[in-house]
Amino acid sequence: MENSICEITLGDESLINEFFDCMSGESKALFNRRDYNRRGVLKFLAKGDATRKYWIIKKDGKMAGYVFFLDWNTSIPELGVAVRDDLQGKGLGRKLLEFAISQAKEQGKGGIQLTTHVANLRAQTLYENMGFICKGLCKNGTELFYLLSFR
Ligand SMILES: CC(C)(COP(=O)(O)OP(=O)(O)OC[C@H]1O[C@@H](n2cnc3c(N)ncnc32)[C@H](O)[C@@H]1OP(=O)(O)O)[C@@H](O)C(=O)NCCC(=O)NCCS
């Protein structure tokens, strides 16, 4: 359904490919280096993976964004999120995060973790507005580690 957040399903592959094909260089550098996240979601659709969850939001017949968890089988799964370039800054990121947080709480998780590039100020603003705390720089020196604790 348009504008509602649904689990990704078989048949969404072409929407997913179009979403990644039109991603700006900046978003690719911040989110999809070496096509890692595109390959992750397509592999999930092809083979399934109980340790992951993916939800998509559509607008005008296209993929507007998605949110996902890696290590969903653990008590503090890792979150990823991306919004289509021309739809960024309109509250979709917040909507996807609110949804993901409610899913994690419903499933009795202890919190959510994530990393983001030090240059990704928009993402950092979003995460901090949603209550995530920056715990410091990762060993690689380019990513910040964020934690949202439910306890
Ligand atoms: C990060 C991302 C998911 C945020 O989604 P979005 O739909 O643009 O976010 P929202 O519109 O909900 O706004 C997020 C917040 O950032 C703020 N913001 C917007 N542009 C900003 C900028 N250039 N710098 C800092 N903050 C900014 C907004 O004011 C908003 O804060 P508010 O809720 O207090 O108003 C999106 O920009 C994106 O997909 N980027 C590329 C992929 C990516 O980087 N993913 C995250 C990898 S860790």
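Note that the numbering runs from 1 along the sequence shown for the chain. Order of listing sets the numbers, starting from 1, for every ligand and every atom in it.
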**Prompt:** At a 4.0 Å threshold, what atoms of ligand 1 neighbour a non-hydrogen atom of Thr125?
**Reply:** 16 (O), 17 (C), 25 (C), 26 (N), 31 (O)
**Request:** Verify the ring-centre separation between Phe99 and Trp55: is it less than 6.0 angstrom?
**Result:** yes
**Asked** Any idea which part of Lys90 is under 4.0 Å from ligand 1, heavy-atom wise: side chain, backbone, both or neither?
**Response** backbone
**Message:** Under a 4.0 angstrom heavy-atom cut-off, which atoms of ligand 1 come close to Gly89?
**Reply:** 6 (P), 7 (O), 8 (O), 11 (O)
**Request:** Flag Gly93 as yes when one of its N or O atoms lies below 3.5 Å from any N or O atom of ligand 1, and as no otherwise.
**Result:** yes
**Salt bridge present between Arg84 and Asp86 (N-O < 4.0 angstrom)** = yes
**Asked** Is the closest heavy atom of Thr115 to ligand 1 under 4.0 Å?
**Response** yes
**contact_flag Tyr127 ligand 1 heavy-atom lt 4.0 Å** = yes
**Prompt:** How does Asn120 reach ligand 1, by side chain, by backbone, by both or by neither, if only non-hydrogen atoms under 4.0 Å count?
**Reply:** side chain
**Contacting atoms of ligand 1, where contact means under 4.0 angstrom from a heavy atom of Asn129** = 31 (O), 32 (P), 33 (O), 34 (O)
**Asked** Does the N or O separation between Gly91 and ligand 1 drop below 3.5 Å for any pair?
**Response** yes
**Prompt:** Going by atom types alone, do Asp85 and Ser27 pair a side-chain donor with an acceptor below 3.5 Å?
**Reply:** yes
**Asked** So is Phe31 polar-close to ligand 1, meaning N/O to N/O under 3.5 Å?
**Response** no
**Message:** Using every non-hydrogen atom in the two residues, find where Tyr146 and Thr116 come nearest and quote the distance to one decimal.
**Reply:** CE1-CG2, 3.8 Å
**Asked** Is it true that Glu143 and Arg33 make a salt bridge, defined as a side-chain N closer than 4.0 Å to a carboxylate O?
**Response** yes
**Asked** Does atom 40 (N) of ligand 1 have a protein non-hydrogen atom under 4.0 Å from it?
**Response** yes
**Request:** Tell me which protein heavy atom sits closest to atom 12 (O) of ligand 1, plus the residue, atom name and distance to 0.1 Å.
**Result:** Arg94 N, 3.0 Å
**Item:** Heavy-atom protein neighbour under 4.0 angstrom from atom 8 (O) of ligand 1
**Value:** yes
